[in-house]
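Notes follow once the structure below has been shown.
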Amino acid sequence: MTGRAFAPRVGAMTYERQPRIAVGPAPDIVFDRAIGAGGGRVCGFDDRPDAVVWTAGPDEFPAVLPASVRWVQLPAAGVEDWFDAGVIRAHPQVTWTSAAGAFAATVAEHALMLLLAGVRALPDHLAATSWTPSVFYPQLGTLRGATVGIIGAGGIGRALIPMLGSLGAQALAVTRSGRPVPGAVETVPVARIDEVWPRADHFVIAAPATAETEQLVGADELAAMKPTAWVINVARGSLVDTDALVDALSRRVIAGAGLDVTDPEPLPDGHPLWSLRNAMITPHDSNPPALRIPAFAEHVTENVTRFATGLDLAAVVDPSAGY
Ligand SMILES: NC(=O)C1=CN([C@@H]2O[C@H](COP(=O)(O)OP(=O)(O)OC[C@H]3O[C@@H](n4cnc5c(N)ncnc54)[C@H](O)[C@@H]3O)[C@@H](O)[C@H]2O)C=CC1
Ligand SMILES: O=C(O)C(=O)COP(=O)(O)O
């Protein structure tokens with residue numbers, strides 16, 4: 001194989017030979033196959049890899065990458081742990097891609113499950129130990145005709161919009177730029193997010209964990225919501241002020257919350273959220289391994305194909321935006 005000169009640039013890389021790709025921290029046949037399917041060739045870290053597919057967290061990430069590495073594919077949609085560990089900052093010459101978007105359908109389905117369970121008063125029904133007619137569940141409602149605020153309408157949010165539409169609900173999208181999101185009745189830039197809290201009936205939080213989104217939902221935001229609102233968080237616990245949420249749920253400032261992610265995480269035994277009936281908690285399992293691994297492998301194949309053929313990579317991390 002002749003290695004000819006190549007001219008990588010952020011987001012688009014051109015290779016005139018089959019790219020060499022190392023898998024770390026351990027060899028993994030699933031990703032060897034995914035790389036092969038995308039037109040890449042698996043090699044070791046010592047074999048001048050052009051790229052790395054990383055399948056674990058940041059702790060074991062090599063302090064020094066071979067100088068030949070131009071692109072690293074990370075295994076999570078949210079990559080704040082790699083920022084926090086200083087891994088991304090330590091390798092400024094490298095283009096990083098996350099798995100943003102790769103798990104969208106699965107996580108959106110989970111968000112819809114939590115939202116429907118809340119709106120249809122499932123926690124109350126599950127707690128009942130005798131036949132209790134729905135008149136005793138004043139919050140039993142419907143998503144039909146509801147407006148759902150999607151805070152961070154990227155991959156997950158966009159996968160959720162048609163699901164909501166099939167139930168007669170409409171999406172009010174919030175993104176960083178405010179560029180229209182397909183299928184949303186309106187898209188609001190994050191700079192105008194305050195107008196969304198009183199307008200939407202319910203919320204799905206699906207934005208990345210960045211300095212800008214830390215405690216995006218606090219006491220003031222909860223107070224601005226309708227008292228019938230359910231807040232679903234499938235993004236990261238850091239986006240919600242947990243103490244303010246516990247207070248709002250206890251006092252029924254809002255109807256309830258469905259949380260796949262919490263702060264702290266794991267949520268410790270005895271935490272007040274465990275004993276609030278209007279808090280539904282799933283232990284960060286909206287994207288379980290049995291679904292995550294094949295979806296990530298597909299994302300790897302897609303990006304290796306793009307890398308090998310000079311197309312823009314999917315889910316390029318923007319270090320200045322923090323995701
Ligand atoms: N619970 C779980 O197992 C999973 C959680 N996640 C989390 O969900 C997040 C979103 O995932 P994807 O939709 O795949 O990512 P994505 O990158 O496709 O979408 C992110 C969206 O958030 C928006 N955004 C960025 N900054 C914002 C801000 N300050 N305010 C409002 N919106 C903002 C962007 O404009 C974009 O629309 C990930 O960053 C990750 O933390 C992702 C997958 C699984
Ligand atoms: O990809 C993400 O961001 C996720 O949250 C998926 O779950 P993980 O934290 O990778 O087990």
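Start at 1 and go down the list; that is how both ligands and their atoms are numbered. Reckoned from all heavy atoms, side chains included, excluding hydrogens, waters and symmetry mates.
What you find for His110 and Ser286 is that their closest heavy atoms are CG-CB, 3.2 Å. Pairing each heavy atom of Ser68 with each of Pro49, the nearest pair is OG-O, 2.6 Å. A pairwise comparison of heavy atoms in Ser250 and Leu276 identifies OG-CD2, 3.9 Å as the closest pair. Between Glu221 and Gly218, the shortest heavy-atom distance links the atoms OE1-N, 2.9 Å. Pairing each heavy atom of Val317 with each of Phe83, the nearest pair is CG1-CZ, 3.6 Å. The two residues Gln73 and Ser98 come nearest to each other via the heavy atoms NE2-O, 2.8 Å.
With ring centers used as reference points, Trp230 lies 6.0 Å or more from Phe203.
Here is the list of ligand 2 atoms found below 4.0 Å of a heavy atom in Gly78: 2 (C), 3 (O). Those atoms of ligand 2 with a heavy atom of Phe103 less than 4.0 angstrom away are 1 (O). Counting atoms of ligand 2 from 1 in the listed order, those under 4.0 Å from a heavy atom of Arg236 are 2 (C), 3 (O), 4 (C), 5 (O). Within ligand 2, the atoms closer than 4.0 Å to a non-hydrogen atom of Asn287 are 6 (C), numbered from 1 in the order shown. Residue contact check: Ala77 has heavy atoms under 4.0 Å from atoms 1 (O), 2 (C), 3 (O) of ligand 2.
Ala76 CB, 4.0 Å is the protein heavy atom nearest to atom 10 (O) of ligand 2. Protein heavy atom at the shortest distance from atom 9 (O) of ligand 2 is His284 NE2, 3.5 Å. When hydrogens are left out, the protein atom nearest atom 11 (O) of ligand 2 is Arg292 NH1, 3.0 Å; that is the closest non-hydrogen contact.
Residue Glu80 does not touch ligand 2, judged by heavy-atom distances below 4.0 Å.
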Can you produce the list of protein nitrogen or oxygen atoms under 3.5 Å from a nitrogen or oxygen of ligand 1, alongside each distance?
unit_1   : atom_1 : unit_2 : atom_2 : d
ligand 1 : 1 (N)  : Val234 : O      : 3.0
ligand 1 : 1 (N)  : Asp260 : OD2    : 2.9
ligand 1 : 1 (N)  : Ser286 : OG     : 3.2
ligand 1 : 3 (O)  : His284 : NE2    : 3.3
ligand 1 : 3 (O)  : Ser286 : OG     : 3.3
ligand 1 : 13 (O) : Gly155 : N      : 3.1
ligand 1 : 13 (O) : Ile156 : N      : 2.8
ligand 1 : 14 (O) : Gly101 : N      : 2.7
ligand 1 : 18 (O) : Gly155 : N      : 2.8
ligand 1 : 29 (N) : Glu212 : OE2    : 3.2
ligand 1 : 35 (O) : Arg176 : N      : 3.2
ligand 1 : 37 (O) : Ala153 : O      : 3.3
ligand 1 : 37 (O) : Gly154 : N      : 3.1
ligand 1 : 41 (O) : Arg236 : NH1    : 3.4

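By the ring pair (Phe, Tyr, Trp, His ring centres under 6.0 Å) test, Phe61 is found to be paired with Trp54, His91, Trp96, residues two or more places apart in sequence or in another chain being considered.
Within a 6.0 Å radius of CD in Gln215, more than 12 heavy atoms belonging to other residues, nucleotides or ligands are found.
Using a cut-off of 4.0 Å between Lys/Arg side-chain N and Asp/Glu carboxylate O, Glu186 and Arg199 are scored as salt-bridged.
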